[in-house]
Amino acid sequence: MDLTGATWRTATRSGNTDCVEVADNLPDVVAVRDSKDRQGPVLAFTPHTWQTFVGHLKRR
């Protein structure tokens, strides 16, 4: 997966030690990674799947 041009931001609800970064500026993919391991694995979601996931979290 080519993440060239990804703009990473820290997730709003991340704590001081357990930070998650999200890149949602790329077409057709939302990428998620651990800010403590920026060279590590990345989870990739379709924008629709990501919005569904976030929507479920907001209802909790």
Side-chain angles (χ1 to χ4, degrees):
M1 170 181 6
D2 182 13
L3 296 176
T4 303
T7 301
W8 295 95
R9 62 179 172 79
T10 302
T12 306
R13 299 283 183 172
S14 288
N16 292 333
T17 58
D18 300 319
C19 294
V20 173
E21 293 181 328
V22 178
D24 58 2
N25 66 306
L26 301 171
D28 303 322
V29 66
V30 176
V32 181
R33 70 180 181 187
D34 182 346
S35 65
K36 297 181 301 298
D37 186 12
R38 291 185 171 140
Q39 301 306 314
V42 173
L43 296 174
F45 301 89
T46 65
H48 175 74
T49 301
W50 179 250
Q51 288 300 321
T52 300
F53 173 70
V54 171
H56 284 290
L57 292 177
K58 287 180 179 180
R59 287 192 288 260
R60 296 194 150 257

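From a predicted model like this one, the values you see are computed outputs, not experimental measurements. Heads up: numbering here begins at 1 and tracks the sequence.
- Taking 4.5 Å as the limit, every side-chain heavy atom of V22 sits out of range of all side-chain heavy atoms of F45.
- Of the possible polar contacts, one joining the N25 side chain to the G5 backbone as a donor-acceptor pair under 3.5 Å is found.
- Residue pairs meeting the salt bridge (Lys or Arg N to Asp or Glu O under 4.0 Å) criterion with at least one partner in residues 37-55, sequence neighbours excluded, are E21-R38.
- We find the NE2-OG1 distance between H48 and T46 to be 6.5 Å, quoted to the nearest 0.5 Å.
- The two atoms that bring L26 and D2 nearest to each other are CD1-O, 4.5 Å, heavy atoms only.
- Minimum interatomic distance between P41 and R33 (heavy atoms only, all atoms of both residues): O-CB, 4.1 Å.
- Under the 4.5 Å side-chain heavy-atom criterion for grouping Ile, Leu, Val, Met, Phe, Trp and Tyr, F53 is connected to V32 within one hydrophobic cluster.
- Distance check: D28 CG to M1 CE gives 12.0 Å after rounding to the nearest 0.5 Å.
- Screening V29, V30, V54, T7 against D24 for a side chain to side chain contact (heavy atoms under 4.5 Å, CB included) leaves a single residue, V30.
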